[in-house]
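Have a look at the structure below before the remarks.
When reading the values below, keep in mind they use all heavy atoms of this one structure, side chains included, and skip hydrogens, waters and symmetry mates. Order of the sequence lines sets the chain letters (A, B, ...), proteins ahead of strands, with each chain counted from 1.
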Amino acid sequence: MDNRSFSSLSPLRRLTAAALLLCLGLILSYLERLSGIDALLPFPGAKIGLANLVTLFCLYFTDRKTAFLVLTLRVLLNSLLFSGFSAFLYGLFGGGFALLTMALLQKGWPGYFSFFGISIGGAAAHQLGQVLAAAILLKTGSVFHYLGWLWIGAILTGGAMGGIFSLLYPRLQRAVDWNK
Amino acid sequence: MKKTLRLGDFLITAILLFAALFLLFSPFRTTGEIVVVSADGVVIDQFPLQGDDQDFSYEEADFSFTLRRENGKVAMVQMDCPDQSCVKTGYISLSGSSIICLPNRVTVLVTGETEVDFVLG
């Protein structure tokens with residue numbers, strides 16, 4: 001199954017799939033926070049971004065509309081369940097930038113990027129979005145120099161996520177059958 | 001299929017790396033002169049980076065925090081927030097460096113200007 005045939009499924013199947021992916025993304029995000037793994041990274045405020053695996057999955061196994069829907073709802077629910085408005089803004093900017101960049105890299109230059117590049121691009125865009133949100137909330141441009149550290153981290157965490165997804169991909173291709 | 005590294009991957013990594021190094025190292029050529037403390041986008045204090053070793057404590061509506069100036073550097077030594085990444089940032093002294101507490105919206109910026117009046121947006 002690939003993402004071309006996803007669009008031809010019934011709306012109910014697509015909705016159910018989206019709901020499942022939404023939950024998966026929320027759980028991954030929660031687990032990441034719960035495990036405290038982010039504290040291991042040397043850069044304050046850096047994240048591994050496990051939930052981006054779901055976004056990657058959406059981009060390769062569903063259609064872009066679903067990817068966008070799952071991302072937006074995940075960010076919304078995440079902030080409603082776990083924190084406040086500023087978390088929503090960060091999540092929206094970060095996740096939104098990440099999704100747009102990953103979709104762009106995936107479709108714009110097919111063949112030039114592997115999962116690693118797309119994942120790194122997504123991580124870097126995610127951080128750019130969050131720094132932008134911080135600049136707006138804090139009303140200062142001084143936050144931008146954190147991007148230096150964050151982007152070095154993006155190369156590492158994006159690469160790690162890309163690696164995880166590339167390991168999962170062949171198994172997902174065999175296991176995912178939307179017609180079940 | 002998409003497991004091997006490709007040209008775009010290297011390009012994007014190189015671009016990010018260069019951009020990151022530029023962001024980190026180009027404004028940092030001088031030791032800063034003034035420390036600007038802001039809460040919620042509003043400057044609440046400014047003090048010179050040079051001076052006697054001293055603690056600066058601030059009380060805001062929901063939280064309090066303390067900065068320490070020592071040896072021409074400044075660090076956040078105490079902040080009421082669960083995250084504590086601002087405290088983990090440690091000492092800064094170079095112009096353009098900052099310590100930031102996101103949940104409490106506090107920024108501590110080191111600048112080379114003798115008079116600060118910055119606005120963004």
Side-chain heavy atoms under 4.5 angstrom apart, residues restricted to Ile, Leu, Val, Met, Phe, Trp, Tyr: same cluster for A:Leu15 and A:Val70?
-> no
d(A:Tyr112 OH, B:Asp9 CG) to nearest 0.5 Å is 12.5 Å
Cluster overlap A:Leu100 with A:Leu105, hydrophobic side-chain contacts below 4.5 Å:
no
| message | The test is side chain to side chain contact (heavy atoms under 4.5 Å, CB included); show your working for A:Tyr90 and B:Leu102 and say whether it passes. | response | CA-CA 11 Å; A:Tyr90 287 116; B:Leu102 280 180; 3.2 Å; yes
For this session: Answer yes if B:Tyr91 and B:Val37 sit in the same cluster of Ile, Leu, Val, Met, Phe, Trp and Tyr residues linked by side chain heavy atoms under 4.5 Å apart, and no otherwise.
Result: no
Applied to residues 121-130 of chain A, the salt bridge (Lys or Arg N to Asp or Glu O under 4.0 Å) test, sequence neighbours excluded, yields none
Those residues of residues 69-77 of chain B that come under 4.5 Å of chain A on a heavy-atom basis, listed by number, are none
- request: Please check if A:Met102 and A:Leu132 belong to a single hydrophobic cluster, counting links between Ile, Leu, Val, Met, Phe, Trp and Tyr side chain heavy atoms closer than 4.5 Å.
  value: yes
d(B:Leu21 CG, A:Trp151 CH2) to nearest 0.5 Å is 11.5 Å
d(B:Phe22 CZ, A:Leu147 CG) to nearest 0.5 Å is 12.5 Å
**Prompt:** When hydrophobic residues are tied together by side-chain contacts of less than 4.5 Å, even through go-betweens, does A:Leu172 share a cluster with A:Leu28?
**Reply:** yes
Residues 12-20 of chain B vs chain A, non-hydrogen distance cutoff under 4.5 Å, contacting residues -> B:Ile12, B:Thr13, B:Leu16, B:Leu17, B:Ala19, B:Ala20
- Query: Just wondering, are more than 12 heavy atoms of other shown residues or ligands nearer than 6.0 Å to CZ in A:Phe68?
  - Reply: no
Sorted by chain and number, sequence neighbours left out, side chain to side chain donor-acceptor pair (under 3.5 Å) with A:Ser35 holds for none
Worksheet entry | Atom OH of A:Tyr30: over 12 foreign heavy atoms under 6.0 Å | no
